Every structure is written in structure tokens, then in C-alpha cells.
Protein chains: 2
Amino acid sequence: MSDLSSLEVAVSPAEKFREYLATQNQRLTPERRNIVEEVFSSHEHFDADQLVHRLSSRKDNKRVSRSSVYRCLDAMVKAGLLRKVARTNDRDVYEHDYGYPQHDHMICTKTGKMIEFENEEILAILERVASEHGFRITGHRLEVYGICAEAAKSPRRRPRKLDLI
Amino acid sequence: MSDLSSLEVAVSPAEKFREYLATQNQRLTPERRNIVEEVFSSHEHFDADQLVHRLSSRKDNKRVSRSSVYRCLDAMVKAGLLRKVARTNDRDVYEHDYGYPQHDHMICTKTGKMIEFENEEILAILERVASEHGFRITGHRLEVYGICAEAAKSPRRRPRKLDLI
DNA sequence: TTAGCTGCAAAGCCTTTGCAATTTA
DNA sequence: TAAATTGCAAAGGCTTTGCAGCTAA
């Protein structure tokens, strides 16, 4: 059983993807199916490179070329399966957008740890502020930066470049 | 008189930059001064490429090389003069961080227009949520996406690629 | 049989960096 | 005169794209 067990999902990600692709006269090929299944096999944030490696380290013959991975990620975003959430190390980072509630992130600048949280109040405030500007909200990205509890405990400081004097 | 007229700024951006540079054994060269002045001559969001063009289109001999612009932007961020706020068209976008209050953005996905807004309530909620996770906030980025009033009026749809059938 | 797909290699793009020449304290 | 700085060109790193061969309805 997958991570989806506790979520209210009408159809599997693969099925949802197939439906989207059909509207574009496109097909759920074996490669695309492998990618969707790998992506939804765990609920971690990931980037294209990590996904490529996850796919090529598999024992079965499910390796997929880097180009196809990039192309498929774009399609999955359009299909509403994934969201780009941030950019880390100059790479686009993705997360599940299907079968998973809208949420925001607290990002530890020491450890890189991401904590997800939901808050209805913020959404309500945003709606109010937007309406004051005649703005119709379709989505948002909220990233809160700081120091997580773990990092605060440790006396270790984050390594940093010393500008020689 | 510049856009800074209504703000409480102890010293000019150039002076503040000079102070920062001094702590790094670096100098406020003519090139760096030109960049700071150009950057703070208007309160618009901009990217490196736009800044390069603004500098080279000037009649006076104030053109600065692209490398120097990139290097200077980095330094200005470290100096607390600028902030990276987003990424548009695959380019880092900057805004003033000195002498300007913390705020967030509503971004029109049709026109690219950015509307700035401030909201204390959201900050308070974030502080509360963070403390529940033992997280100490140092900053945040909030981008609200949607359709601005202008774009909503116009019946024009945003151009999009037609996948030939 | 025609439209869609994959994988490879090459190209694109923004950004960073090595380096020689130049400037400045 | 030694350290910092600039501008150019080249290199980096992620992502996109052209294309030949392949696949599937």
C-alpha cells in the first residue's frame, strides 16, 4: 500500500495522468508510467536529477532518459499532478499536488529541512487583501525561512566562506 | 529628489554600500557607484539583464560590464541593499531591501504585473505557527498568483502554443 | 501509415569564473 | 607596489530542443 492510502483520491495518479494526456492526444507510455509510479512512490520533495537517478538505480528495466524525465515533469505539472515548489541548488524542486492538500513550507536555512504546514487563516487574509486590489487568486507560494528546533540545539554553526583578510 | 524622499533612511544606498564594502576590504569603485545609483533611481523590480541594458543605454560613460553587474548584485544582496524576490523567465529578480519595508507580492500570471502589499496579521500567524514547531523565523517569501483587475477586464486570452493536430 | 515518443547529442540560457590589464590606496 | 577590480572570453550547470529511429492505434 502506498502513501496514498490515507488520502481521498478518486483515481490513481497514473490514471489521472492518462486522462490529462488523452485530452492532449498523448499517451501514457511505459516510460511515463514508470515516472509517475516512481514519483508517487514516496511523498518527498525531489528535483529532476534525483528522479533520474532513482529511475536508473532500479533493478528492473525502468530506466528513462533525462530528456523524457524533463518532458514528463512538465506534463505532470500541467496535468495537476505536481507543483514546482522552490529552487534549491539552482534546480527546480517538485512536490505532489494530486491527492495532497494545499500547504506551505518552513525551510531551515541550516539543515535544509522542510516542514509542511497548513493554515486557513492565512488563506482568508489573502483572499481579503486580494479582493481589495481586484485580484483573483489562483494559487500562492509561501516559504518561511529560519532555524529549525534541531539546528537550534546543535552548537555547530553552518559552514561559511571566510573572506580572507 | 529620488524615490527615497518619503522613506526613513539614515544614509544613501551608495553610502551604506560603501560601509559594507569597507568591512570586506573592498572599495566603492566608480562602476559600483554607477550600479547602485542606477538601481536606486527607481523602485522597480529588475533582473541582471535589464540592469545591464539600463547602464549601457546611458549617454554618460557609465556602462559597466555584465560580469561586474553580476558581481555587484551579489555584493548588494550581502550588504542588505537588495533582495532576490523571485525568478521570472528563468532570471533572478531583485528589489530594494534598504529603506523599504518588508512586504509581499501578488503576481498576475497574465500580465506579469506585481502588486506589493503588507500585512501584519500574516506575520503574527506565521510567528505562532513557527513557535508550535520550535522554528525561529528569519524571513519569508510569499507570492500570490492570480489575475489582476486589468487582465480580468480584457477579453484577450494569454497567447499559448497550439499543439497542431 | 501516420502521429506520437524516446534517447542522444547539441544547443540555449543565465550565471560564474579564470586571467591579464588596469586602477587605487 | 601590493591588493583590489574590471572586462572579456570561456566555462559551468540546468533545461530545452532537433532529429532519426521506434512504437502504437
Side-chain angles (χ1 to χ4, degrees), chain A residues 14 17-36 38 45-53 55-56 58 61-79 82 84-94 161-165, chain B residues 14 17-36 38 45-53 55-56 58 61-79 82 84-94 161-165:
Chain A
F17 196 26
R18 181 207 301 286
E19 289 169 8
Y20 165 78
L21 289 168
T23 70
Q24 308 294 309
N25 291 317
Q26 299 178 333
R27 307 163 194 154
L28 183 63
T29 62
E31 287 81 2
R32 287 176 177 156
R33 172 177 289 280
N34 294 345
I35 292 173
V36 181
E38 184 62 46
H45 297 82
F46 66 93
D47 61 42
D49 193 62
Q50 293 171 329
L51 181 54
V52 167
H53 284 99
L55 284 163
S56 43
R58 289 167 63 147
N61 56 338
K62 298 204 165 179
R63 183 218 169 235
V64 181
S65 75
R66 184 169 289 269
S67 331
S68 293
V69 166
Y70 274 108
R71 282 185 286 232
C72 192
L73 286 173
D74 282 349
M76 289 172 78
V77 167
K78 287 178 186 151
L82 293 179
K84 285 192 189 180
V85 279
R87 228 181 137 81
T88 305
N89 300 125
D90 292 318
R91 294 174 182 176
D92 289 329
V93 175
Y94 297 84
K161 267 188 273 182
L162 282 184
D163 295 314
L164 306 182
I165 302 184
Chain B
F17 195 26
R18 180 207 301 287
E19 288 168 9
Y20 165 79
L21 289 168
T23 70
Q24 308 293 309
N25 292 317
Q26 298 178 333
R27 307 164 193 153
L28 183 62
T29 62
E31 288 81 1
R32 287 178 178 153
R33 173 177 288 281
N34 295 345
I35 292 173
V36 181
E38 185 61 46
H45 297 82
F46 65 94
D47 61 42
D49 193 62
Q50 293 171 328
L51 180 54
V52 168
H53 284 99
L55 285 164
S56 43
R58 290 168 62 145
N61 57 339
K62 298 204 165 180
R63 183 216 169 237
V64 180
S65 75
R66 184 170 290 269
S67 330
S68 294
V69 167
Y70 275 108
R71 282 185 286 233
C72 191
L73 286 174
D74 282 349
M76 290 173 77
V77 167
K78 286 178 187 151
L82 293 180
K84 285 192 188 181
V85 280
R87 228 181 137 80
T88 306
N89 299 128
D90 292 318
R91 294 175 183 175
D92 289 329
V93 175
Y94 298 83
K161 269 188 269 183
L162 281 183
D163 295 314
L164 305 182
I165 301 186

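Numbers restart at 1 for each chain; the letters A, B, ... are given by sequence-line order, proteins then strands. Everything numeric in this text was worked out from a predicted model, so none of it was measured.
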Original post:
Rounded to whole angstrom units, what separation is found between the CG atom of B:Asn34 and the C1' atom of C:dT23?
Top reply: 15 Å
Look for any protein N or O under 3.5 Å of an N or O in nucleotides 8-14 of chain D and output each such pair with its distance, or none.
from: D:dC8; atom 1: OP2; to: B:Arg63; atom 2: NH2; distance (Å): 3.2
from: D:dC8; atom 1: N4; to: B:Ser67; atom 2: OG; distance (Å): 3.0
from: D:dC14; atom 1: OP1; to: A:Arg91; atom 2: NE; distance (Å): 2.9
from: D:dC14; atom 1: OP1; to: A:Arg91; atom 2: NH2; distance (Å): 2.8
from: D:dC14; atom 1: O3'; to: A:Asp90; atom 2: O; distance (Å): 3.4

Original post:
Starting at CG of A:Asn25 and ending at P of D:dT23, how long is that distance when rounded to a whole Å?
Top reply: 22 Å
Original post:
Got B:Glu19 and B:Thr23 here, is their nearest side-chain heavy-atom distance under 4.5 Å?
Top reply: no
Original post:
In whole angstrom, what separates A:Arg33's CZ from C:dT6's P?
Top reply: 13 Å
Original post:
Whole-Å distance between C:dC14 C1' and B:Leu51 CG?
Top reply: 15 Å
Original post:
C:dT6, D:dT6, C:dT16: which one has an atom nearest the side-chain heavy atoms of A:Thr29?
Top reply: C:dT6
Original post:
So which heavy atom on A:Ala75 is nearest to which on A:Tyr20, and how close?
Top reply: O-CE2, 3.8 Å
**OP:** Could you check how far CG of B:Leu73 sits from P of C:dC14, rounded to whole Å?
**Re:** 15 Å
Original post:
Taking CZ from A:Arg18 and C1' from C:dG4, how many angstroms apart are they, rounded to a whole number?
Top reply: 16 Å
Subject >> Side chain to side chain, A:Val69 and A:Glu31, heavy atoms closer than 4.5 Å >> reply: no
**OP:** May I have the distance from A:Met76 (atom CE) to D:dT15 (atom P), rounded to whole angstrom?
**Re:** 16 Å
Subject >> A:Arg27 or B:Leu28, whichever maps to the more 5' nucleotide of DNA chain D >> reply: B:Leu28
Could you list the donor-acceptor pairs under 3.5 angstrom formed by side chains in residues 85-92 of chain A, with sequence neighbours left out?
from: A:Arg87; atom 1: NH1; to: A:Asp92; atom 2: OD1; distance (Å): 2.8
from: A:Arg87; atom 1: NH2; to: A:Asp90; atom 2: O; distance (Å): 3.0
from: A:Asp92; atom 1: OD2; to: A:Lys84; atom 2: NZ; distance (Å): 3.2

**OP:** Would you confirm whether A:Glu38, through its side chain, and A:Ile35, through its main-chain N or O, come within 3.5 Å as a donor-acceptor pair?
**Re:** no
Subject >> Atom-to-atom span, CD of A:Gln26 to C1' of D:dA25 - whole angstrom >> reply: 15 Å
**OP:** Examine distances only and state if a side-chain atom of A:Arg32 and a backbone atom of A:Cys72 form a donor-acceptor pair shorter than 3.5 Å.
**Re:** no
